[in-house]
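Data block below; observations after.
Throughout, residue positions are numbered sequentially from 1 according to the sequence presented.
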Amino acid sequence: MNISETLKYWQEVLDIKDWDISLKRTTFINEHFRGLSRNFETKEAIILHDMDLTEESILQELLYIVHPEQSETSINEMRQQYIHSKYKY
């Protein structure tokens, strides 16, 4: 799967197909940056990144849309559970 297909796949799994989510490569001073800008009213989000995105990194940012109140630790645990169930490690 390419990055666009990966994004669409996880949007469907997480039931956020109605969100307009784009990916934007940027240049930051930090070596490795990934972040999320989101608007819950318009259901739009941008995943900002200055490194190549992986399936896990895309999933993690999408989980912040679905569970905005959760801590980074909780999001990381959820990401691992989703990846585990997809690939049946």
Side-chain angles (χ1 to χ4, degrees):
M1 263 193 286
N2 67 35
I3 294 298
S4 295
E5 292 168 336
T6 300
L7 177 61
K8 288 184 189 312
Y9 170 82
W10 286 110
Q11 278 188 261
E12 185 153 333
V13 169
L14 298 172
D15 197 25
I16 53 173
K17 299 177 298 247
D18 56 340
W19 276 70
D20 180 18
I21 301 171
S22 58
L23 307 172
K24 182 177 180 184
R25 190 168 197 103
T26 59
T27 304
F28 290 94
I29 295 172
N30 297 333
E31 273 186 38
H32 301 291
F33 174 83
R34 191 178 69 242
L36 178 69
S37 172
R38 61 193 174 204
N39 184 319
F40 289 99
E41 289 181 19
T42 62
K43 293 189 175 184
E44 296 174 319
I46 302 170
I47 297 174
L48 303 162
H49 62 100
D50 68 354
M51 60 184 163
D52 291 339
L53 293 173
T54 64
E55 180 175 23
E56 288 191 27
S57 62
I58 290 171
L59 173 57
Q60 180 162 337
E61 297 307 321
L62 295 178
L63 286 168
Y64 281 112
I65 293 172
V66 178
H67 303 285
E69 73 290 345
Q70 294 296 318
S71 68
E72 184 173 0
T73 301
S74 295
I75 294 290
N76 287 336
E77 290 170 1
M78 282 185 251
R79 183 197 72 226
Q80 290 173 350
Q81 290 170 353
Y82 275 105
I83 292 293
H84 178 77
S85 64
K86 179 180 180 188
Y87 293 105
K88 311 277 192 266
Y89 289 126

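Counting only heavy atoms from C-beta outward, the side chains of Leu14 and Ile65 never approach each other to under 4.5 Å. Two residues are said to be in side-chain contact when any heavy atoms from C-beta on lie closer than 4.5 Å; Glu55 and Tyr82 fail this criterion. Contact of the Leu63 side chain with the Leu59 side chain is registered, since non-hydrogen atoms from C-beta on lie closer than 4.5 Å. With contacts defined as side-chain heavy-atom distances shorter than 4.5 Å, the pair Glu5/Leu7 does not qualify. Counting heavy atoms from C-beta outward, Ile75 and Glu72 have side chains that stay 4.5 Å or more apart. Here the side chains of Gln60 and Asn76 are in contact, with some heavy-atom distance below 4.5 Å.
Across all non-hydrogen atoms, the minimal contact from Gln11 to Leu62 is N-CD1, 4.1 Å. Here the shortest heavy-atom pairing between Thr42 and Asn39 reads N-OD1, 3.0 Å.
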Review point. Should Trp10 and Glu61 be marked as a side chain to side chain contact (heavy atoms under 4.5 Å, CB included) after you check the CA-CA gap, both sets of side-chain angles, and the distance that decides it?
Key: CA-CA 10 Å; Trp10 286 110; Glu61 297 307 321; over 6 Å; no
Check your understanding: Can you check side chain to side chain contact (heavy atoms under 4.5 Å, CB included) on His49 and Arg25, steps first, answer last?
Key -> CA-CA 5 Å; His49 62 100; Arg25 190 168 197 103; 3.7 Å; yes
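Residue-environment remark: NZ (Lys8) stays at or below the threshold of 12 foreign heavy atoms within 6.0 Å.
A distance-only check finds a donor-acceptor pair linking the side chain of Lys88 to the backbone of Ser85 [under 3.5 Å].
Atom CZ of residue Arg79 and atom CD of residue Gln81 lie 11.0 Å apart, to the nearest 0.5 angstrom. Annotation: the span from Ile47 atom CD1 to Ile58 atom CD1 amounts to 6.0 Å, rounded to 0.5 Å. Note: Arg38 CZ to Trp19 CH2 = 7.5 Å, rounded to the nearest 0.5 Å. Here the straight-line distance linking atom OG of Ser57 with atom CG of Leu23 works out to 9.0 Å at 0.5 Å rounding. Remark: Ile46 CD1 to Ile21 CD1 distance equals 11.0 Å, nearest 0.5 Å.
Applying the side chain to side chain contact (heavy atoms under 4.5 Å, CB included) criterion to Glu69, with sequence neighbours excluded, gives His67.
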